[in-house]
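Inspection log for the structure reproduced underneath, given as structure tokens.
Order of the sequence lines fixes the chain letters, A, B, ..., with proteins taken first and strands second; residue numbering starts at 1 for each chain.
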Amino acid sequence: MKENILIIGGGIAGLEAAAQLFRLGYNPIIVEKEDHLGGHVAGWNRLFPDMSPAEDLVARLTEAAGEANIFLNTRIAFVNKLKDSYNIMLTNGISVITRILLFATGFSLFDASKKEEYGYGVYDKVMTNRDLENWFNTGQDERIPEEGPRAMGFVHCVGSRDEKAKNPQCSKVCCITAVKQAIEMKQKFPDAMVYCFYMDLRMFGKKYEDFYISAQRDYGVRFIRGRVSEVSENIEGNLVVKAEDTLSGKPIKVTLDLLVLMSGIVCNQEICKSAAQLSLPMDSDGFLKSRDNVADIIESPKEGIFYAGACTGPKTVPETLAEARSAALEIHNYIISSRK
Amino acid sequence: MIGMIFILSYCLVALVRIIMQLPGNDRKKFFISLVTPKTMAKNIRDIFCDCLFHVKLWKRNKLLGYMHSSIAFGWFMLIVVGHIEVLLYTPHRAKLLYFPIFFRYFVAETEETMRGAFFFFLMDFFLLMVLSGIFLAMFKRIQSGVFGMRRTTNPSFLDLIGLYSLWAIFPLRLLAEGFTADISGGSFLTKSLNYVLHSFLSDHANMLPAWWAYSCALGIFLIVLPFTRYMHIPAEILLIPLRNAGIKIRNARKGLAKAEVYACPSCGLCIDACPMGVMKTHIKDTTVYLNRQIRRNNERRIEEISDKCLLCGKCTAICPVGVEGDKLRIAQRSLRKYAINQDYSGIDTDQLHVKGEKVMYFAGCMTALTPAISKAMESLLRKAGVSYSFMDRDGGICCGRPMLMAGRFDQARQMVEKNTEIIKASGADTLLLSCPICYRIFREKYRLEGIRIIHHTEYIAELIRQGRLSMDKGYTKYVFHDPCELGRGCGVYEEPREVLSYAGELVEATKNRKESICCGGSLGSLTLGFDKRKSMTENALANLTEASPDVIATACPLCRSTFVRYADRPVEDIAEIIDRNCI
Amino acid sequence: MIDFGFKISPSSAINMDNADLSLYEKVREIEPDISKCIACGSCSATCPAGRFSGMSVRKCILDLQRGKKNEVKKMLSCCMLCGKCTMVCPRGINTRHLILSICKLYKED
Amino acid sequence: MIYQGKQKIWADYQKEIPDDRWYYVRSCIRQNFFPGAEKMFMEICRNVLKKDFYESASHTTCGGIAYHCDTIPQETVMTIVARQFALMTEAGYENYVASCITSFGNYIEILETWNEFPELEAKIREMLWKACRREFNKPKYVAHASDLIYKYRNLIAERAKYRLINKNTGEPLKVVEHIGCHYSKMFPSKGVGGAEYPYVLCGMVEAWGGNVIDYPERRHCCGYGFRQYHIKANRGYSISNTHKKFESMEPYHPDMIITNCPGCPYFMDRWQYAIAEMEGKTYGENGYGIPVFTYEEVAGLVLGYDPWDLGLQLHQVAVEPLLDKMGIEYDPKRKYEGLNHKDLLKPELPGVLRCC
């Protein structure tokens, strides 16, 4: 009988970990609350830095994890702690007994409407990064006219690095996502004026800086260092965006006909419940607390409970995949050492 | 004939125009120089050496030298001997210019006499010489590498016509004389050809078309000459006395500049010399193409070519006729109109005054970014017990050379004046410079009477010679990179080498001294972007490292910071090396 | 009209809707590097002319991007073209060519 | 504009405002600028809606203007406010309603500060005792008077004689609402509808039939800014801000402006005259200005009170075009007749701004 490993979350972390664990000879079981696998990445169009289709990645991961037991539209109903294992009741009525739980629960996108001054959900031409990716995928969004916007803007750090939004942390991926999306918009609508309003540009990853230079030099994306203070709608229904141009030390105003809010990464609130049932601690940044933030990021302080991906903090796709692989290996080592 | 008359009148008009275009005092200087015996002798010597014997080319490549001098000298001698012949045989006709050329056609002579045989031999000998030159020229078209040239100029359409007609002239002459040899006489070449020809073509009727073809080729060549690179033949004769008169380029398109442009033989030696040549895309930005575009008045290209150049001066250094590619470009740059004209009158020099020691050290802007050099210099001065003042320790006014290189003379002059004020007020008698860029303008444009201007390599050499610095010679192998402005710009080649040899073993780069390759960092280029310079720097480094030196030594802060970027071994200024090896 | 002793002062805000970017666009055509600036300020920090005046290449670029031409002229009239800014620019911007291009293209209103 | 989006936000910022028994404090300046406004508030609350509203003649300024002008320290303003609360306590009331936005903001700020720093509250209690031997309870609820009119807006609508509808076209009037900065910008949760899209005046306008205009500079300050106006050298800055608002609302052709602050209606009203004199520009129809009202005046108009009893003759911008639009009857001859039936004399009319 193969050992059961319950993976909470069928995003890229869950899929990758499942594939690895299956290859190591275990029986991974994925519980996914949505009706599809791939999580947030499934809703994305292309991935930086190589502009590879997100679809391909999700398909590849799904295929690799194909042998695992996957329950879609399923959540954890409740958890019973047994002597050295857990009895987990799922909402589809199935109960699983396992010694090992892997949290691959990911993140939630910050609800941009909470930043009332930006008018998401109030103004007609304000959208989020996710809405834009969805438009890249489907081509359907009333906010984007067929001939493209005349002038558009990206607001960085929406709900990130913002005490007022109760998220003082950097969401890590929005800077590069904004630059990527700005380039994509310029590719589609070369005549559009594209602005990026940023506080800092954190181009830390592989080839991110190249993206940035290319956006500036090849695509003429205009970067304005200053956080958008408020947005209003003028009589034509276009957006009047105000910020401080901190480099000139002067307020700046521009009329745009599309504004994309770079919603940040916040902890998936739903998992807090499951975490509480297992009395897993939360870290001060609101994400799940690892045993050690340097050496043991994928281990929880509890025996047999592991983490992978953005449940412990904002992560990029390659970081998430790497964590999923190392979590699988860590689980394997844990099982071997417990058999001795 | 028509061609000859045309070319002579054209040259005359051009000569008068160029001389008229010279500024008044330059013109006076020129005329005076023409009658001064010393320069006169130099003029004649230079014209013979350069125009006929191509001494410079001989030095560069024997084949190339032979090719040029055989054609030029051979042709010249053909004309001279031809004239002597005419003078001897038909003196009454000597006034007809064309007569000597077709002498064989008009006059039947006999080789039986000693005199006749001698002239026939001479004529045939020189013809053979020319022919061998022509043959080499043809061969060079296909295999330029043999002549020490990797790349040659891409000829224009008219250049090709000129080229082919030039090629055609002498074989045709040989043919024509070959046909006539039995009637008019000939020597070893023409006579023997005559026999060969007669063996299958005995009709004298062939004689006339051959002479016609010869005269046509000659006519075409002479007519197209003013519009092709062959204009350099007459233009160089003018350029030499102009240069010897000490005249400088004062106008981008007139006077000396014009003479230089027309004196360019389009040989293309500057193409291989140009440091930008490592990238194929820059080949058409070399001096030879600049001259061609100036002749065509193609303003867009003139601007592009002159703005791109690094002003390393290597093309000037190797040019066989002495076209000053760098100065010509600066002159073109000076034509640009700017809407914003810098004005430094607002700078108050009082706040920059330095209390004067006798030696004043001016590090320069570039050295401010390579503090290792100024630190080493200060340390050396202390060790040698020289009391000095540091003119721009807290920054100063730029020397003006970069502005000058951009062709903005008025702005450069303003900076020169400001710095002059400061230096004069300091009471120093020696101005010590670390940056060759500064050094050059200080030598060329500053009027600092009574103040000795010296580069630190020269100064260090002096200190060592005087025993004020004692050296500990090590085993490190150094190669010296001649900075453009120090070497070609100011002629300082020996002192840096001397100084380095005190510190360790000196090896030489493949191309050195006046052929040293620009580091690629030069401020001379206005348009070359950072990304385009990398391959130039790498090429220059490859040249420097062929003798496997341990350390690349240079004497310019800009070269130093440029090389450091891509070098695989340490790059140091001479001052740093000496400071380290100084006991 | 009455003189109240005070006036409606013009807005100090930069309005990108009517900013005149024609000069910026022209410069960008000649020297595309201008758009690569990341406003690090190295150029201004190293500038010898900056000591005597308000010269700052960073500010010049920014002012052009915001359509403010008069400030640019004031600053550039002090540039000595020494090339230190080019040497220190982390983005490899050919600042000297940029400066000369602006000086060439600048037109008084 | 997505109206549902705003409704969602409004739903997040609703206040449980007590219905009755209020201790009312007046504004320092409103009675001079808009003398009918506070009178109308008491009239509506006491006589029309029959609520218990108490006021004391011995209350003073809250110290807000001096505080915002940096002329008195925080402890002083807190002691003044403590005395107001003592008066309320002595009168036996627990709900405190301020007529002035600055006061409202001031009270909220002080109460929040005391929450954070109880030692400061203790210190103020001691200072108040030393100064005037008074003690106080903190109010259970602090409201702004506009909160109450907002709360009673539907009751008022039921009794309305007129609606904010253009009688000639049948279209709702286009109303600009302007909220005093200190209402909710400091503490968004203390204002109805929050800080970004305050609902307090919108609710009234909607209930009484008008249409609210959302123009780009809606959030912008009226231009008063305390020090900016009080010091003459800064006054150009004050009027520039007002000018900016009018320029922004101009394309919407608003019929009227409704405000809930003492300073805002004053500056938006009077500066229209000054702008007209400086720039020769007027913002209303036919050379008139855009009439500016307090919410009490609008409530009074809706309820059918005589415009001249509401004190509308003290407005700089002529209100008559709006009265005509709403179909309110008025007697032009009575405009400058005092309560004692003496002629107040018609003021000199300005040169550019058209007035009646």
When only pairs under 4.5 Å are counted, which of B/Gly396, B/Ala368, B/Gly346, B/Ser561 shares the most heavy-atom pairs with chain C?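 Looking at each of B/Gly396, B/Ala368, B/Gly346, B/Ser561 in turn, B/Gly396 comes out on top.
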
As an exercise: rank B/Asp392, B/Ile397, B/Asn341, B/Leu558 by heavy-atom pairs under 4.5 Å with chain C and give me the winner.
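Option with the greatest count: B/Ile397.
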
Give the C-alpha distance, both sets of side-chain angles, the deciding distance and a yes or no for side chain to side chain contact (heavy atoms under 4.5 Å, CB included) between B/Leu528 and B/Met279.
CA-CA 12 Å; B/Leu528 267 185; B/Met279 280 167 95; over 6 Å; no

Which of B/Pro557, B/Cys556, B/Cys398, B/Cys559 passes side-chain contact (heavy atoms from CB on, under 4.5 Å) with B/Met366? Answer is B/Pro557

Point to revise | Full working for side-chain hydrogen bond (donor to acceptor under 3.5 Å, both in side chains) between B/His456 and B/Asp573 | key: CA-CA 10 Å; B/His456 73 237; B/Asp573 190 274; 2.8 Å; yes

Counting heavy-atom pairs under 4.5 angstrom with chain B, the leader among C/Ser101, C/Cys103, C/Gly92 is C/Cys103

**Prompt:** Do B/Arg329 side-chain atoms and B/Gly325 backbone N/O form a donor-acceptor pair below 3.5 Å?
**Reply:**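 Checked: pair present.
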
Applying a strict 4.5 Å limit to non-hydrogen atoms, the region of C/Cys78 in contact with chain B is backbone

So, the part of C/Thr46 with a heavy atom under 4.5 Å from chain B: the answer is side chain

Using heavy-atom distances under 4.5 Å, tell me whether [X] contacts chain C through its side chain, its backbone, both, or neither.
| X | value |
| --- | --- |
| B/Thr562 | neither |
| B/Arg401 | neither |
| B/Met403 | both |

| task | Give the C-alpha distance, both sets of side-chain angles, the deciding distance and a yes or no for side chain to side chain contact (heavy atoms under 4.5 Å, CB included) between B/Lys532 and B/Thr527. | result | CA-CA 10 Å; B/Lys532 302 231 165 57; B/Thr527 51; over 6 Å; no

Item checked: Evaluation steps, side chain to side chain contact (heavy atoms under 4.5 Å, CB included), between C/Ile34 and C/Ile93 -> CA-CA 7 Å; C/Ile34 190 175; C/Ile93 299 173; over 6 Å; no

